[in-house]
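Step one of this worksheet: look at the structure below.
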2 protein chains.
Amino acid sequence: MTDGWSIVESGFDVETNRAYEGLFTLGSGYLHVRGSLEEHLLQAPQNQEYVRMPANVTAEVFPDNKAKWGTYVPGVFGRHPWLNSEMVNLPWFLGLAPYVNGGKLDLEVANVRDHRRELDLRAAVLRRSVTWDTAAGAILHVTYEWFVSAARKHLCVQRMVVRTDRDVTVSVASLLDTDVRTNGHEHFTKVGMSHTGDPERPDLQAVVTTDTGDTVTVFSRVLAPQATWELDAGSRAGTLTGAFDLLPGQSLVVEKRTAVTTSRDLAPVEPSALLDSLSDLTYDDLLAEHTAVWASRWDAADVVIEGDARSQLAMRCSIYHLLRCHVPDDPRVAIDAKGAAGEAYFGRYFWDTEMNLLPFFLYTHPDKARTLADFRIETLDGARQNARGYGYPGARYAWESDARGIESCASWQYRDHEIHVTADIAYALAHYARATVDPAYLDGPAAELLVETARYWMARLSWRKGEDHPSLLGVMGPDEYCPISHNNSYTNRLVAHALKLASEHGQHGGASDEERTAFAKAAAGLPILRDPARKLVLQCEDFELLAEPDFDRTWTDRSKGYANNVSQERLYRTKALKQADVLMLMMLFPQEFSDEEVAAAWEYYLPYTTHDSSLSPGVHAILAARRLGKTDEAWAFWQDSAFMDLDGGAEQGIHIAGCGNNWQVAVFGFAGMSSAMHTDTLTLKPHLPPAWERLAFPIIWRGTPVYVDIVKGKARITNRGTAAIDASVAGERKTVPAGETAEFETR
Amino acid sequence: MTDGWSIVESGFDVETNRAYEGLFTLGSGYLHVRGSLEEHLLQAPQNQEYVRMPANVTAEVFPDNKAKWGTYVPGVFGRHPWLNSEMVNLPWFLGLAPYVNGGKLDLEVANVRDHRRELDLRAAVLRRSVTWDTAAGAILHVTYEWFVSAARKHLCVQRMVVRTDRDVTVSVASLLDTDVRTNGHEHFTKVGMSHTGDPERPDLQAVVTTDTGDTVTVFSRVLAPQATWELDAGSRAGTLTGAFDLLPGQSLVVEKRTAVTTSRDLAPVEPSALLDSLSDLTYDDLLAEHTAVWASRWDAADVVIEGDARSQLAMRCSIYHLLRCHVPDDPRVAIDAKGAAGEAYFGRYFWDTEMNLLPFFLYTHPDKARTLADFRIETLDGARQNARGYGYPGARYAWESDARGIESCASWQYRDHEIHVTADIAYALAHYARATVDPAYLDGPAAELLVETARYWMARLSWRKGEDHPSLLGVMGPDEYCPISHNNSYTNRLVAHALKLASEHGQHGGASDEERTAFAKAAAGLPILRDPARKLVLQCEDFELLAEPDFDRTWTDRSKGYANNVSQERLYRTKALKQADVLMLMMLFPQEFSDEEVAAAWEYYLPYTTHDSSLSPGVHAILAARRLGKTDEAWAFWQDSAFMDLDGGAEQGIHIAGCGNNWQVAVFGFAGMSSAMHTDTLTLKPHLPPAWERLAFPIIWRGTPVYVDIVKGKARITNRGTAAIDASVAGERKTVPAGETAEFETR
């Protein structure tokens with residue numbers, strides 16, 4: 001923890017190695033690589049086969065291993081025999097290991113000191129240094145630095161520098177290894193390793209074909225002083241080893257450039273040609289163009305927090321991973337649940353995309369938000385196929401989508417019942433249209449999606465005997481511990497919203513007038529359940545039939561989630577909530593619920609809420625800060641949300657939706673900004689945590705770039721656009737002319 | 001359909017081959033073998049590997065194949081990587097094929113006529129004859145006959161007789177094949193094939209080790225005229241072929257004797273030694289001792305139906321399979337859901353054992369009923385392990401039990417929620433104690449089970465806020481389309497019954513007085529939900545929240561079950577019932593529900609009931625006949641229940657619980673016998689279907705063998721015991737002295 005821009009690992013602990021691998025993931029949006037050790041560890045095989053089963057991933061315990069390599073190109077999905085589509089872990093190319101006298105650098109076995117790694121968030125570069133007392137007597141100082149180029153998305157560049165305190169021969173082994181598995185499963189049906197055969201040209205290539213027929217080529221080239229490279233090649237892996245005589249004071253500099261391409265690429269590239277084309281560019285040239293891209297990304301997105309270095313770092317860590325996951329102009333992929341930094345959620349796309357990730361992009365990089373929104377339109381045929389599979393007309397989005405939109409969730413309770421995702425998508429498209437002032441989006445590209453999903457909803461509704469309104473029965477709301485419930489308020493409201501959108505824009509998507517009338521009527525009829533006496537919005541009809549969870553007795557190990565303490569069957573028969581449900585609804589439609597209702601929901605549901613989902617604390621922090629004025633609670637939930645990955649939770653990948661939530665807590669929660677869904681005026685109600693002296697961030701408000709700068713008692717809005725905007729802060733409304741700054745009192 | 005004792009297949013249709021394989025399964029209780037063709041079929045590989053997933057087995061579609069070999073020793077379970085324990089399909093030894101000039105008998109390819117198979121139910125022998133116009137010109141007449149010895153449970157004996165119309169050399173190939181799979185999965189970790197090496201001794205042995213460490217030995221010996229046997233042995237299979245010159249008028253008789261033993265056997269036997277010990281016994285000797293056992297079994301169990309040959313055959317078919325599944329004095333196994341005639345339900349033990357199978361044995365073969373009851377006591381430790389796995393004290397029986405009692409169900413909705421099985425077992429033990437007049441059973445062997453399961457129930461109960469009675473929340477009743485419901489009346493009543501038993505007998509099973517008081521109190525408090533206005537017993541609290549199923553619109557293909565027409569999600573959100581639930585409760589506790597309540601339940605639930613479960617029609621037939629006087633409905637449901645296997649439904653095995661139900665429909669339904677659970681007096685209320693002129697059967701009534709003979713308007717009770725009994729028929733009560741027959745008017 002240093003200047004607010006660096007995440008530092010000091011020393012080495014094998015227990016936290018996988019968490020750092022996930023946390024230190026670098027990527028270009030196209031290509032992502034976990035931050036594994038270049039020389040690897042002994043006895044950490046990456047070809048272990050094991051059986052993962054359909055399950056509550058939150059509570060799943062993963063096989064132990066010291067390390068987990070991960071190389072991912074989102075969109076490259078394989079077919080698992082019982083878990084459906086999953087993003088494939090591709091060949092590992094980071095391998096770059098020093099040897100002295102046959103002794104290999106190994107953090108567990110060798111005599112090493114001063115091991116340090118640093119993720120430079122601003123530059124998106126991982127730096128590493130280690131001092132190695134070799135068995136041969138020489139003390140080697142080794143540094144590594146690498147990045148996945150933001151300027152050339154196929155490219156990863158590594159540089160290794162070795163110095164010594166005495167004459168020594170250092171061997172460097174460059175590894176390219178296809179013998180990897182994805183969630184314990186082999187997805188490659190064909191593997192080809194090749195090498196030029198020229199001992200002076202240290203190039204290695206692997207071509208793998210996945211079980212869905214995609215071909216991925218990984219081409220690595222080592223740049224180093226003149227040497228003879230010895231090839232040790234098996235059918236699955238190849239190692240090139242070169243030997244170098246090194247004197248004290250000299251630096252051995254070895255560079256490794258790798259290009260990864262796939263048969264899915266929109267603009268096909270030949271990887272070796274790509275590397276050839278870079279032959280005139282030095283490492284520093286490539287680094288400079290990479291950091292320039294990142295600098296401009298940060299300009300549009302950095303959130304400054306003063307007075308609380310830890311929060312500052314966590315916020316930047318979240319934004320770093322969000323920016324890393326930028327999908328590079330390819331609407332055929334979205335951002336998966338682990339941010340392409342692990343395999344826990346199979347690289348699939350969830351509602352997180354719309355609800356947790358999209359807002360960040362909408363207000364900082366609207367072009368990227370458009371790509372994310374377009375992904376759902378791109379996969380409308382997949383959603384149609386899902387609907388047909390369930391016997392419905394129209395389109396039904398997948399709870400866990402692959403790149404074609406096909407439902408890939410292997411656990412039926414989520415797949416069958418957590419249908420709100422289809423309505424969440426409609427909400428997100430509307431959010432996109434409003435935030436970017438692009439109403440034509442709903443009448444144009446999105447219209448067919450709105451109509452097709454509305455057709456699904458019309459068939460999915462039930463009209464119960466004796467009732468004059470439709471119902472949605474057998475659904476799972478955001479609270480996944482209430483798996484098959486009736487008239488879940490969240491789902492009903494989102495579906496009503498989606499049906500209303502379809503009634504309003506459906507004529508452009510092929511809906512007849514009769515259909516649109518029916519959409520509107522159903523939208524108006526879907527109930528939101530309320531208990532007026534208690535001013536309580538009910539989660540669902542059957543919630544009150546459940547038992548008290550009795551956490552005191554049943555949640556005995558508080559170091560673990562509730563789901564790790566009790567059986568699923570107990571989760572399902574008690575009022576235990578996994579995450580915000582009614583409160584999530586109130587966050588999305590704040591104007592429809594009175595302050596008393598929000599307060600009553602908070603009082604009622606919070607004691608039942610386990611926050612087993614990483615998505616839960618963020619929602620609570622936002623509502624506590626902006627709606628309920630609960631400063632302490634907002635702070636506590638921020639703490640729960642902000643440090644999940646930083647504090648060792650990134651083993652299986654990044655909680656990327658949590659990253660999106662963290663940004664939302666700062667902007668919607670502590671700055672109190674209203675969503676563009678609900679107002680045309682930039683509206684803020686700052687409630688900074690006591691520890692924060694300043695909160696400042698750029699935002700694009702309905703097309704106008706704005707800089708928001710909040711300190712205790714004051715807020716400044718700078719209009720960086722070309723036209724005046726209206727802004728309201730803490731109830732005071734002003735017009736802010738283009739290029740000017742307006743100052744507001746906040747208390 | 002002939003004399004009421006034979007099931008005949010005339011001709012051959014590959015489409016029905018697997019159904020006949022299942023229907024023609026022969027077995028000794030210890031060893032079961034599907035009735036596959038001795039020469040097999042071309043292109044019907046038995047080593048196909050495929051992926052079965054956790055699913056609603058009723059709606060599952062199985063991989064296509066022309067044939068499905070099955071060799072099972074119940075209790076030999078393997079470990080499937082994602083489907084848990086399953087009964088292992090063992091090496092196939094039936095192979096015995098004639099060749100002429102290299103041409104093989106094959107029912108699809110060869111020129112065959114007059115193909116006929118006949119299962120002789122009385123003798124438990126399968127006979128087959130076929131006429132084969134060989135390509136070589138000779139017309140061969142081949143007959144097969146085989147049985148799995150009821151007198152020597154390890155032994156299978158086959159006899160093949162070949163005749164010709166001209167001089168011909170006939171080769172006979174005897175196959176022993178270990179290259180088989182169970183549900184597409186390989187369970188053998190070691191396979192050894194061996195042969196004496198002596199060409200004049202046609203013996204073949206296979207020893208396989210399963211993935212749970214059981215060893216199974218299959219030893220086959222061919223008895224034939226002098227010949228030189230040629231061995232064709234691979235690592236997984238061996239074939240011995242002998243050649244015989246045959247003249248018109250001669251018969252070539254080839255016998256094959258196979259012994260199967262396992263490392264689990266209570267009394268270990270060496271298979272080759274077993275065959276050696278039989279060397280003085282002819283085929284006819286072995287057949288005679290086999291049929292003698294079957295004759296005595298039938299004496300105790302045959303149900304005679306006159307006036308309706310089809311019902312007679314169906315009834316005998318059911319009884320045949322029940323008797324075949326006789327567990328031979330080994331309480332470590334029970335009767336699996338497919339009667340060891342297929343793999344659909346993985347060879348596991350369900351509540352069917354207690355509710356559908358046990359009554360037949362209780363009233364015909366009480367010693368076998370005791371073995372079945374003891375199985376649950378034997379596996380109490382497994383049930384304890386299940387309870388611990390869910391975080392409960394005591395013992396929780398598995399929805400799908402393996403031989404150790406361990407929960408093996410791979411679908412969580414059944415495994416987690418269909419908990420009534422644990423209470424069904426207590427009911428069955430009480431039924432055993434009452435029917436066999438063995439009250440000491442509950443105070444003795446069963447007491448600990450009663451206490452341990454009661455302890456589980458006490459922890460599984462919920463006391464909801466504001467209520468003064470316990471509830472059972474989140475359960476699945478017998479209706480599996482209502483997966484997570486609250487206070488299911490069936491489950492509550494059965495659990496209350498189990499708790500009461502534990503309170504009454506628990507002092508012998510380690511329960512303290514306080515515990516027993518608590519058991520009794522909870523038993524008294526568990527609600528049975530009633531709507532007094534409609535005199536309706538409610539299936540569960542949340543049933544009325546469900547939608548109408550709208551079968552007219554959604555059940556479009558009536559040739560298939562409802563679950564094959566709609567998605568599971570629709571099943572779960574509508575009132576569609578899979579099978580009898582409240583009505584099943586009323587069948588088990590008839591005295592607790594008024595006639596109006598039974599009628600109201602019938603009227604209300606029947607229109608919602610899909611009968612997707614084969615268990616459903618039987619329950620409906622019984623209630624219609626004995627309780628509601630609905631003769632037409634009783635007849636229709638009998639038709640639905642009786643012919644399931646006979647009419648082509650045995651592909652994946654026998655509906656053995658349905659067989660048990662068929663017996664119950666005759667005895668409890670049409671003869672109207674009251675269960676010994678509810679009366680000490682043999683009580684009948686005959687309601688014969690119009691087509692039936694006579695219904696007669698032996699029964700053991702509370703220790704006394706009795707013969708019941710019902711004709712139109714009359715019933716005769718013959719007391720075959722040594723003491724007088726009281727009997728009540730159609731309301732008329734008489735004492736029947738030992739050895740005498742009493743006659744009753746029935747209308």
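Below, all heavy atoms of this structure are taken into account, side chains as well, without hydrogens, waters or symmetry copies. Every value quoted in this text rests on a predicted model; they were computed, and no experiment measured them. Every chain is numbered from 1 and lettered A, B, ... according to where its sequence line falls, protein lines coming before strand lines.
The distance from atom SG of A:Cys482 to atom CD1 of B:Ile484, rounded to the nearest 0.5 Å, is 9.0 Å.
For A:Ala459 against B:Arg573, the heavy-atom pair with the smallest separation is O-NH2, 4.4 Å. Minimum interatomic distance between B:Ala547 and A:Arg464 (heavy atoms only, all atoms of both residues): CA-CG, 4.2 Å.
The greatest number of non-hydrogen atom pairs below 4.5 Å with chain A, out of B:His417, B:Gln413, B:Glu541, B:Arg415, is found for B:Gln413. For the set B:Lys575, B:Glu467, B:His486, the entry with the most heavy-atom pairs within less than 4.5 Å of chain A is B:His486. Of the listed residues (A:Glu548, A:Glu544, A:Arg570), the greatest number of heavy-atom pairs within a distance under 4.5 Å of chain B belongs to A:Glu548. The candidate with the highest count of non-hydrogen atom pairs below 4.5 Å against chain A, out of B:Leu546, B:Asp550, B:Val51, is B:Leu546.
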Legend entry - Chi angles and distances behind the side-chain contact (heavy atoms from CB on, under 4.5 Å) call for B:Gln568, A:Asp416: CA-CA 8 Å; B:Gln568 176 179 286; A:Asp416 288 5; 3.7 Å; yes
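Below 30°, between 30° and 60°, or above 60°: for B:Trp412 and A:Tyr572 the angle between ring planes is above 60°, a perpendicular geometry.
The closest side-chain heavy-atom distance from B:Arg52 to A:Trp82 is not below 4.5 Å. No side-chain heavy atom of B:Leu473 sits less than 4.5 Å from a side-chain heavy atom of A:Leu545.
A salt bridge links B:Arg460 with A:Glu569: the closest approach of a Lys/Arg side-chain nitrogen to an acidic carboxylate oxygen falls below 4.0 angstrom.
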